[in-house]
Amino acid sequence: MKIKVEHIIGFLAIFLGIITIILTLHFPKFNIGEEKVPGPSFFPNIIAVFLIFVGILEFFEAKHSTRYASLQGMNKKGAANVLVVIVAILLYIISLIPLGFIITTFLFSLIIMYLLGVGKIKSIVYSFIVLVILILIFEKLFRIPLPGGFLNLYI
Amino acid sequence: MLEALASIFKLNVLIPWVLAMFFGIFVGGVPGLTATMAVALLVPLSYYMSPIAGLAMIIGVEFTAIFAGDIPATFLRIPGTPASGAAILDGYELTKKGKGSLALSIDLVASALGGLVGILILIFVSSALANFALKFTNFEYFWMGVFGLSMSAIITTGSRIKGLFSVLLGLLVSTIGMDITTGYPRFTFGITNLMSGVNFIPVMIGLFGLSEALKYMTNPASLKMPSINEKISITFRSIFGILWKFKKTFFASSLIGTIVGALPGAGADIAAWVAYGTSKRTSKNKESFGHGNIEGVIAPTSANNAALGGTWIPTLVFGIPGDSITAIVLGAMMMYGLTPGPLIFQQNRELVNSIFVIALISQLLLVIIGFIGIKSYSYILGLPRNVIMTGVIIFSMVGSYALNNNVFDIGVMLFFGVLGFLFEKAGIPLPPLILALILGPMIENNLRIGLVKTSGNLLPFFTRPISLTLVIIIIISFFGDSMLKLIKNKMGR
């Protein structure tokens with residue numbers, strides 16, 4: 001069965017609205033003296049009500065829509081590329097602190113350039129240049145400490 | 001004024017001033033580095049200089065960094081600074097059509113002229129405007145936020161309901177973190193990094209920069225990269241010709257920018273969105289907005305630079321910072337032994353005049369230095385497109401990290417990058433999300449404080465004169481078109 005994009009958005013909006021209301025049930029009430037005043041749950045609850053309303057409207061909009069959920073214009077290779085980039089960024093996040101900025105960024109750059117079909121030698125040269133530019137801008141000029149990783153022990 | 005001119009045309013003022021302006025181009029052009037950061041970095045240096053040299057550096061870097069944020073926004077779809085969020089909408093579309101340098105040249109001149117308008121208003125009507133801005137209380141700020149948010153309905157292309165979904169999601173994300181009134185952590189799920197909320201800079205880099213790179217990854221061969229081989233000749237005459245054609249957009253946006261800038265807490269980023277929305281609303285070619293309309297380039301850029309002049313109004317007149325940059329300026333001025341406020345106009349008249357002259361001349365210097373910046377940056381687009389896209393992803397990650405030296409921000413950037421990629425596939429507009437994220441805290445805090453003040457009574461939100469005016473403006477901006485059509489139909493009959 002083909003699902004329309006509006007059905008997914010509608011479901012997501014209603015789901016987010018309900019989850020928000022449930023989560024705010026545990027938020028503390030806020031009183032000044034005897035008087036009840038808008039507390040931490042006040043604004044999120046307004047948003048939640050609107051989200052549910054928008055979700056319902058999306059189901060109505062779906063009736064007139066011909067847009068079905070699919071990875072439009074994306075072949076298998078394209079989807080794999082996107083997935084590799086996402087995984088590579090996740091690995092970058094995990095390894096940045098232990099391995100350090102130089103190794104992680106250089107490897108990341110090599111992987112992405114390889115994925116995009118840049119030649120081996122060119123990938124190495126461009127990755128090196130990008131790395132040098134980043135270090136010069138962020139670390140040398142702006143004194144933003146970039147993670148040294150295990151290399152810190154040796155340098 | 002002559003004394004002011006004499007005091008600034010000295011080598012020990014001119015050299016740091018011009019160097020700071022080049023530095024501003026550089027900072028604004030690198031995603032993740034903000035104009036506020038640039039000013040903060042220059043303040044310690046200025047301690048060893050005369051107050052005029054220090055202020056020249058700060059003013060110079062401020063104007064150039066805000067303009068330079070539009071360079072990566074136009075060429076690569078990554079806003080260099082938060083104030084450049086609106087610049088991607090039409091600027092990048094023009095780059096895709098091979099008109100990136102033309103768009104940026106117009107952007108530059110409109111920036112400088114917008115800055116000029118902001119400064120002239122600062123010089124001639126600063127105290128009147130500052131008094132007006134001081135009449136804004138929580139009720140007016142709430143409506144100002146709602147008015148800004150109403151712009152999302154105008155900037156949305158496609159389904160309004162999907163645009164509203166994007167707005168609500170942005171507002172929901174803005175509530176993450178410690179509640180400002182009670183200190184209660186909302187939606188943090190025990191994650192310490194979420195306690196201070198979600199910073200909108202990595203969100204913006206992810207939504208626009210990474211999502212574009214992911215889109216490119218899906219089919220590297222078929223997607224065109226912007227070209228710099230423009231066959232259009234760019235001359236000052238042609239740029240001024242275009243600006244003259246859209247003079248109404250330019251002046252209205254500059255005025256909006258200055259007024260928004262003069263409101264403490266509302267800076268160049270909000271000004272740019274409001275001006276973009278207003279110009280789209282009033283344009284004869286509103287359908288072409290978001291598809292490479294030059295008015296969509298002129299409006300946000302003239303507004304954000306005019307807003308900088310506006311932010312100096314409450315700073316100089318009352319000693320209340322208009323935005324984060326002028327907050328640093330206040331600190332710097334105190335460091336120089338100056339006390340901003342009404343008395344500064346009497347006690348330090350010469351210095352105030354010098355600030356005005358520096359700000360005016362900075363606009364001229366901005367045009368020269370800005371052109372060098374555009375030219376230098378355009379060489380990047382001459383590189384192989386696969387290398388550029390790798391660079392976009394890496395700069396998105398490092399720029400997000402550099403903000404707080406925190407890998408968590410790279411995660412935020414990644415999350416919103418993937419979300420932006422999926423949203424664009426589903427036809428959900430991205431700008432309303434970022435606009436809501438910026439305005440969310442302003443709307444929530446002022447609504448809650450306002451309700452506390454009135455013991456839950458909503459009436460003062462509608463009965464105060466400025467509040468009521470804002471409500472009417474919001475209603476007109478939402479229903480103005482339909483009402484006009486209805487009236488025309490009735491007249492026709």
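No hydrogens, no waters, no symmetry mates; every other heavy atom, side chains included, goes into these values. For clarity, every value in this text was computed on a predicted model and none was experimentally measured. Protein chains get the first letters and strands the later ones, always in sequence-line order, with residue 1 at the start of each.
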Q) Which of residues 118-129 of chain A get closer than 4.5 angstrom to chain B, counting heavy atoms alone? A) A:V118, A:Y126

Q | Heavy-atom contact with chain B under 4.5 Å, split by part of A:V85 | A | side chain

Q. What part of B:L210 gets closer than 4.5 Å to chain A, counting heavy atoms only: side chain, backbone, both or neither?
A. side chain

Q: Hey, could you give me the CD1/OG1 distance between B:I394 and A:T105, rounded to the nearest 0.5 Å?
A: 7.0 Å

Q. Could you state the interatomic distance from CE (A:M113) to CD1 (B:I393), rounded to the nearest 0.5 Å?
A. 10.0 Å

Q: Only one of B:L164, B:L172, B:L171 passes side-chain contact (heavy atoms from CB on, under 4.5 Å) with A:L51; say which it is.
A: B:L172

**Q.** Contact origin within B:Y184 toward chain A - heavy atom pairs under 4.5 Å
**A.** side chain

Q: Show your reasoning for whether side-chain contact (heavy atoms from CB on, under 4.5 Å) applies to B:V398 and A:F101.
A: CA-CA 9 Å; B:V398 183; A:F101 178 78; 3.7 Å; yes

Q: Report yes if the side chains of B:T181 and A:P40 come closer than 4.5 Å at any heavy-atom pair, otherwise no.
A: no

Q. For B:L214, is it the side chain, the backbone, both, or neither that has a heavy atom closer than 4.5 Å to a heavy atom of chain A?
A. both

Q.
I need the A:F27 CZ to B:D179 CG distance, nearest 0.5 Å.
A. 8.5 Å

Q. Would you say the side chain of A:L116 lies within less than 4.5 Å of the side chain of B:M217, judging by non-hydrogen atoms?
A. yes

**Q.** A:F43 side, atom CZ; B:N445 side, atom CG - distance, nearest 0.5 Å
**A.** 9.0 Å

Q | Taking every non-hydrogen atom, the tightest pair across A:P38 and B:V452 | A | CD-CG2, 4.3 Å

Q) What part of B:I428 lies closer than 4.5 angstrom to a heavy atom of chain A: side chain, backbone, both or neither? A) side chain

(Q) Once rounded to the nearest 0.5 Å, what's the spacing between atom CG of A:L23 and atom CZ of B:R186? (A) 12.5 Å

Q | Residue part contacting chain B, namely of A:I97, when any heavy atom lies under 4.5 Å | A | side chain

Q. Does atom CZ of A:F53 have more than 12 heavy-atom neighbours from other groups under 6.0 Å away?
A. no

Q: Measure the OG1-CG distance between B:T175 and A:N45 for me, rounded to the nearest 0.5 Å.
A: 10.0 Å

Q: Give the member of A:I93, A:I111, A:L16 that has the highest number of heavy-atom pairs under 4.5 Å with chain B.
A: A:I93

Q) Given side chains that start at C-beta, do those of B:M397 and A:Y92 come closer than 4.5 Å, heavy atoms only? A) yes

(Q) Could you walk me through whether A:F42 and B:L451 satisfy the side-chain contact (heavy atoms from CB on, under 4.5 Å) test, starting with their C-alpha distance in whole Å, then the side-chain angles of each, then the deciding distance to 0.1 Å, before giving a yes or no? (A) CA-CA 11 Å; A:F42 175 70; B:L451 285 173; 3.5 Å; yes

**Q.** Contact residues of residues 187-198 of chain B (partner chain A; heavy-atom separation under 4.5 angstrom)
**A.** B:F187, B:F189

**Q.** Residue A:L96 versus chain B: region with a heavy atom under 4.5 Å
**A.** side chain

Q | Toward chain A, the part of B:T390 with a non-hydrogen atom under 4.5 Å | A | both

Q: Please say whether more than 12 non-hydrogen atoms of neighbouring residues, nucleotides or ligands are located less than 6.0 Å from CZ in A:F50.
A: no

Q: With the side chain counted from C-beta on, respond yes when A:N81 and B:T218 share a heavy-atom pair under 4.5 Å apart, and no when they do not.
A: no

